[in-house]
Undergrad: 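Quick one: the structure is below, questions incoming.
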Amino acid sequence: MKTLIKALNLIFLFILIAACQNESESVGEKQLTIIPLPVKMTLNQGQYELKGNSVIYYSGDELLALAEYLSDQINISSGMELRTQQGTGKGISLSVHDDLPATLGQEGYKLDISKRGIEIAAGNTQGLLYGMQTLLQMIPQEYEECAECGEDELEFQYVSVEDFPRFKWRGLLLDVSRHFFTIDEIKKMIDEMAAYKYNVLQLHLTDDQGWRLEIKSLPELTAKGAWRVPRTGLWWDREVPQEGEAATYGGFYTQDQMRELIEYAKFRNIDILPEIEAPGHSLAAIAAYPYLSSTGRKYNVNPGSKFYTIDDNSICAGKETSYEYMEKVLTEVAELFPFEYVHIGGDECYKGFWEKCPDCRKKMKENNLKDEKELQSYFIKRLEKILESKGKKLIGWDEILEGGLAPNAAVMSWRGMQGGITAAKAQHHVVMSPVEYAYLDFYQGDPAIEPPTYSMLRLNKVYEFEPVPEGVDADYILGGQGNLWAESVPVFRHAEYMLWPRAFALSEVLWSPKDSRDWNDFVQRTEYNLRRLDRADVNYSLSFYDAIITPSKNEKGELLISLDSELADNEIYYTFDNTCPDDHSSIYKKGEKLTIPKDADTFRVVTWRDGKPLGRIITVKLDDLLKRIPVL
Ligand code: ACM
């Protein structure tokens with residue numbers, strides 16, 4: 001009997017040790033769920049139980065709205081309804097102090113969960129909101145999955161967080177010109193941006209394909225410029241407007257709607273940066289007011305057909321009436337948007353019509369401008385003067401460097417990092433937004449199965465983005481931005497597909513310390529956060545689960561295929577025999593170069609993990625793979 005009791009005791013001890021090990025593992029797992037990763041996060045043993053009758057306490061009147069926001073968000077995630085009350089007590093406490101560590105800066109916060117309850121403290125409401133976003137990501141999944149059940153208890157791991165951003169500009173751009181998105185859709189994007197601690201939303205409000213902002217002194221901009229003939233199909237391949245055809249696709253935001261959106265975003269720590277494109281990309285404005293171009297020709301708003309260098313889409317830099325027009329637009333924009341910057345575009349301006357324009361030639365002569373680049377620089381410098389007279393700073397795409405940068409302009413570097421490097425070395429502020437890391441309009445997986453766009457940008461590449469190049473003074477790099485151009489984004493659901501999870505990766509690049517980046521860890525946190533997106537009914541892409549196909553040729557010119565995956569922990573199966581691959585097909589061995597069996601015409605590949613299919617099956621003709629190999 002004694003031996004039996006001893007044996008039972010041993011078993012009991014063993015179970016206890018195993019349980020403790022599980023507990024510390026689960027502590028570890030919880031650490032993996034926050035995006036962007038906090039600067040400092042210490043997990044402690046124990047859990048705080050937040051009850052349904054708990055209270056959100058706040059330290060002053062100015063925090064009431066934030067306390068109510070937190071209560072609403074907890075309710076959406078868990079069904080729990082928490083009261084809010086001014087004062088202090090155990091539950092959740094929100095407070096603003098001025099004696100927090102200086103390292104927290106303007107946007108930092110402290111979050112402590114212990115037997116004292118949940119305490120979020122910051123130097124201001126901005127920091128407090130970020131602390132709340134971190135807490136919201138800590139709501140245990142099992143309760144979140146039961147949002148309708150009205151659970152009356154949430155368990156939070158004891159933790160101590162001190163957190164602040166690496167960069168002050170953490171932006172995303174939404175192109176509302178190429179396709180129109182409603183105010184409610186933009187609000188939905190803002191909600192998700194706030195959850196991942198972004199703080200700038202650039203709205204690309206004007207382009208060749210639509211003018212989207214009410215300008216009261218120039219009503220034709222929206223009466224005519226906001227509308228184009230309806231088309232679907234590939235962008236740039238669409239039929240031009242036909243004689244008498246009604247322009248029924250489009251829309252615009254009234255100034256009242258925009259004011260409401262600005263306020264909505266501001267509450268969530270997000271500034272809206274308006275972009276008014278000039279002098280190029282201006283066909284919608286020119287369609288509304290033909291006197292704006294060098295030729296004065298009449299045009300329609302472009303529906304996604306070829307027109308560049310054929311139609312005159314540049315505002316004439318020679319005529320004074322162009323500057324009068326810009327002054328009217330920028331005056332209303334400066335009054336409407338509280339953000340310190342206005343983006344004036346400046347990219348891809350076709351100057352062929354300027355070359356033949358007598359007004360442009362005259363302006364160049366009068367001002368000793370040696371070429372059209374200097375004429376564009378003159379134009380941008382005049383815009384800067386207008387903006388400065390309204391108390392605003394100018395920011396533009398890196399083409400504004402050409403012909404001489406306006407004295408105080410900030411540069412958004414998109415044609416790689418070089419424009420940003422040049423501008424920072426000339427002591428101008430820079431936002432890094434290079435095509436190779438930050439163009440969220442590019443497809444994110446194999447082109448055989450992704451909706452087509454200009455080029456490829458995978459999730460793991462976004463995660464490698466480093467906004468401060470070597471040899472550049474980091475003080476001039478305000479931060480970075482991901483750009484979602486919308487030529488191939490006809491509906492908002494697809495905008496979400498393009499944004500997430502790549503915008504998770506970018507949020508971590510822009511918020512978390514550089515040396516804390518860890519791809520495998522990020523993937524796990526991404527998977528957790530995708531379930532958050534499911535609950536918020538936000539679309540996203542799972543392309544990062546798919547195989548990566550890299551074709552090459554041997555010395556005889558024969559096709560070879562290498563395979564890879566963005567993830568570390570999956571297998572890759574493939575076929576050449578026109579069957580669907582699964583875990584009984586040929587398995588790919590890392591580093592192999594597959595040769596093509598005689599007469600094979602199609603390649604298929606799929607990833608598996610833990611005995612289940614993971615990515616999509618990619619089917620691609622071998623001839624098409626050959627075409628992907630660059631001709632040297
Ligand atoms: C740009 O992508 N043209 C800024």
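Read the numbers this way: they start at 1 and go in the same order the structure lists the ligands and their atoms. Side chains included, hydrogens not; waters and symmetry mates left out as well; all remaining heavy atoms used. For the single chain, residues carry numbers from 1 onward in sequence order.
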Undergrad: Taking the six-membered ring for Trp and the full ring for Phe, Tyr or His, determine whether the centres of Y291 and Y325 are under 6.0 Å apart.
TA: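 Ring centroids of Y291 and Y325 are no less than 6.0 Å from each other.
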Undergrad: Name all residues meeting the salt bridge (Lys or Arg N to Asp or Glu O under 4.0 Å) criterion together with D347; count only those two or more places apart in sequence or in a different chain, and write none if there are none.
TA: none
Undergrad: Using a strict 4.0 Å cut-off to heavy atoms of E348, name the atoms of ligand 1 that fall inside it.
TA: 3 (N)
Undergrad: Just by distance, no angles: are the side chains of W500 and E192 close enough, under 3.5 Å, to form a donor-acceptor pair?
TA: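 Per modelled atom types, W500 and E192 side chains form no pair under 3.5 Å.
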Undergrad: Do any N/O atoms on W414 end up under 3.5 angstrom from N/O atoms on ligand 1?
TA: no
Undergrad: With heavy atoms of W485 as the reference, note each atom of ligand 1 found under 4.0 Å away.
TA: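 Selected atoms, number and element: 1 (C), 2 (O), 4 (C).
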Undergrad: If you measure from atom 1 (C) of ligand 1 to every heavy atom of W397, Y454, Y439, which option wins on shortest distance?
TA: Y439
Undergrad: Got a salt bridge between K362 and D359, using NZ or NE/NH1/NH2 to carboxylate O under 4.0 Å?
TA: no
Undergrad: Any salt bridge (Lys or Arg N to Asp or Glu O under 4.0 Å) involving residues 320-329? Give me the pairs, sequence neighbours left out, ordered by first then second residue.
TA: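 Listed by first then second residue: E320-K363, E320-R382, E327-K390.
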Undergrad: Give the residue and atom name of whichever protein heavy atom lies nearest to atom 3 (N) of ligand 1, and the separation in Å to one decimal.
TA: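 Result for atom 3 (N) of ligand 1: D347 OD2, 2.6 Å.
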